[in-house]
Chemist: 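Here you go, one structure.
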Amino acid sequence: MKPYIGAAYYPELWDKKEIVKDIKRMKDIGINLVRIAEFAWAYIEPEEGRFDLDWLHEIITILEKNNIDVMLCTPTAAPPSWLTSKYPEVLAKDSDGRAYVHGSRRHYCHNTPKYIEFSDKITEKLAKEFSNYSGVVAWHLDNEFGCHIRECYCDNCRRKFQEWLKQVYGTIDNLNAKWGTGVWSQRYDDFSQVPLPQKTPSTHNPSLLFRYKNFMSTTFSQFAHRQADIIRKYTKTPVTTNGMPAYHEIDYEEMYGKLDFIAMDLYTLPGNFHEIAFEYDWMRPFKKNKPFWLIETSATSAGGLVPWSILTHKPGALRCKMWTTFAMGGEAVAFWLWRSQWSGQEMEHGSVTYSWGEYTLAEEQIRRVVAESQKARDFLNETKPPEPEVAIHYSYQSIWIFNYGHTAKEFTYLAEMYKYYSGFLFSNINRDLVYPGADISKYKTVFSPFQPIFSKKMLGKMEKFLENGGTWIIGPLSGFRTEDVTAYKTAAYGPLEDMLNIHVRHRLPPDEQGKPISIDWKGIGKSNANFWLDAYEPKSGNKVIASYSNGPVKGMPAIIETKAGKGKAIVFGTLPDKLTFMKWLNLTQKANKTPFLKAFSDGIVIIPRLDKNNLLKGAFLLNLTENAGKVVFSKECRDLFTGRILPAELDIAPYEVFLVQRTT
Ligand code: GLA
Ligand code: GLA
């Protein structure tokens, strides 16, 4: 483990005297990575076809000399004005068909041939020129595909969407059949008639909405992969880009599948640090052998592109965020940005240094983490976290369906995922978040909540998993849509019902003239039935775990268990309250084994460290909350950051972090 502590830097905006001072300060505080050039197109290619690369050579050389590694970006997130004025067709269009004007960023359409041509050229130029620097340790594509605008409605996108649909469906009759376009006489005679989801008097067909999101996501990935392929002609240096999971709505299984490692941007409020853990839990297993980078996060506050600053860190929260990254499998924490902008849209955004050069309030905590990481390095290199036995499915298909298609009232996919995920996190049940394409054979238990689509491939995989003795926990709101987001005509859950020998008899919203519906959960208690009700008709061998206690399906099973292969499936027809769910979770799932801890309070996340023989050597103790907590040791432990032996009862302040090692 390195680790990297980095920052985004814009040398094109500062004169040489200031750059020299900046680099001196970077070295002084311990910055060993900078990301540059993602918005520098106007400086790299000031006129069409005329490149000015001297300044970039100069800065990379200085950084290399100072042992600061470089992540070099392609600058395509901000096309210059000569390009947008000479070739206005490159501008993206909003859903009313109006072109975005120049003056901000991400105003381009990634499906427009002219833009792709310019993107190819500048990417090739950079790759050719800068592939030989040993200081360039990673390449970075563009900046946040899907940030600000996630869709474009220009003619190129329309044509390309129609061509893409032709590839997916083959014939228009097949598309009509799969989407069920008979409803409201939408039937198409030709692919050229299929619209983009622009203004209509009422809602669009959910299959069309889903495929349009799918298309936008796929073409963002194609655009990224095209740049990556160009870079790879010249260098073996790893290539990635910065994602922002909840916000960009891009299928990262597809996007990062063909990139070399994962980098993410996170601007989470200190009160919601479980959301950071959530991101790390999918990034870590995705590229098992290549640690992820947190490539953008705020050092103090984030402007969020509004002209004021939010997100000021509570005491200790910055250090906690940095250590959580390293504890959960990250190799780098990089700040956005090194030095506050002195002009432009983001002057109020927090940073490591102010525009006038002095350090911000982040200084003390960054210095502390740099020092601590040096002390902890050997121990961290010799130990590793345990392998989780639980996988939780997470998918972009669900984001597209729940955000744009038909859904249950007031249901927000990510909010519910975060809520239930934090149950696993704070119960210290070690888990990976996995995409539908992931290999799940090594896990003991797989949870698949809020996954309307189970593809044929996924069902095959899960059938094997059950045959081999796995436990599959399904739902709520899972398995009820086909791969084209239509309902099944054979059974509510289609082929899943036969596979598991279960039957859904009724599906309905959870409302009885304004009165909430509840369930009786044997051995657990009563809970509200939230968002949706699927009521089962028990088949032979089904075990009823919970039933509806009132409302139109009173007495019918709400949660059932069924044997399948050597394993079993537990199927949720509704979403219980979080606390009830957690009670059940803690009774049925094993928490991390940390025998040197007798007790610990809520909110403390424990990440054990095992040596190569899988012997428990120590653990990270992270307080990810704003509440003070406590840990009681049963064996003597040392704090690796300070070297001191810890008291048997250790108070853990909000956002406090310990890396403890057993002394015996
Ligand atoms: C209206 C329409 C129907 C149907 C219902 C649904 O009354 O005429 O076609 O959409 O709403 O509530
Ligand atoms: C995004 C962008 C950065 C910057 C930050 C501000 O993550 O990638 O360029 O605008 O937001 O928080």
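In what follows, residues are counted from 1 in the order of the sequence shown. Order of listing sets the numbers, starting from 1, for every ligand and every atom in it.
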Chemist: Are any of the N/O atoms on Arg35, whether in the backbone or the side chain, positioned under 3.5 angstrom from an N/O atom of ligand 2?
Modeler: no
Chemist: Considering only heavy atoms of Asp265, which atoms of ligand 2 have at least one such atom less than 4.0 Å away?
Modeler: 7 (O), 8 (O)
Chemist: Is the shortest N/O to N/O distance between Glu38 and ligand 2 below 3.5 Å?
Modeler: no
Chemist: Out of curiosity, is Gln345 lining ligand 2, as in a heavy atom under 4.0 Å away?
Modeler: no
Chemist: Tell me the contacting part of His148 for ligand 2: side chain, backbone, both, or neither, using a 4.0 Å heavy-atom threshold, strictly below.
Modeler: neither
Chemist: I need the Ile19 CD1 to Trp55 CH2 distance, nearest 0.5 Å.
Modeler: 8.5 Å
Chemist: Within 45 degrees of the axis of the six-membered ring of Phe210 and under 6.0 Å from its centre: does Lys213 put its NZ or CZ there?
Modeler: no
Chemist: Among protein heavy atoms, which lies nearest atom 10 (O) of ligand 1, and at what distance?
Modeler: Trp184 CZ2, 4.4 Å
Chemist: Can you sort out which atoms of ligand 2 are near Asn143, meaning under 4.0 Å from one of its heavy atoms?
Modeler: 2 (C), 8 (O), 9 (O)
Chemist: For Lys515, which residues count as a salt bridge (Lys or Arg N to Asp or Glu O under 4.0 Å) partner, sequence neighbours excluded?
Modeler: Glu512
Chemist: Would you check if the side chain of Trp400 reaches a backbone N or O of Glu249 as a donor-acceptor pair within less than 3.5 Å?
Modeler: yes
Chemist: Can you list the atoms of ligand 2 that are under 4.0 Å from a heavy atom of His349?
Modeler: 6 (C), 12 (O)
Chemist: If the condition is side-chain contact (heavy atoms from CB on, under 4.5 Å), which residues does Pro452 pass it with, not counting sequence neighbours?
Modeler: Ser398, Ile401, Phe402, Phe480, Arg481
Chemist: Checking Ser95 against Lys199: is there a side-chain donor and acceptor pair closer than 3.5 Å?
Modeler: no
Chemist: Could you check Arg150, His148, Glu144 and say which one makes a side-chain hydrogen bond (donor to acceptor under 3.5 Å, both in side chains) with His248?
Modeler: Glu144
Chemist: Consider every N or O of Tyr10 and every N or O of ligand 2, then say whether any pair is closer than 3.5 Å.
Modeler: no
Chemist: Looking at Phe39, which atoms of ligand 2 are within less than 4.0 Å of one of its heavy atoms?
Modeler: 9 (O)
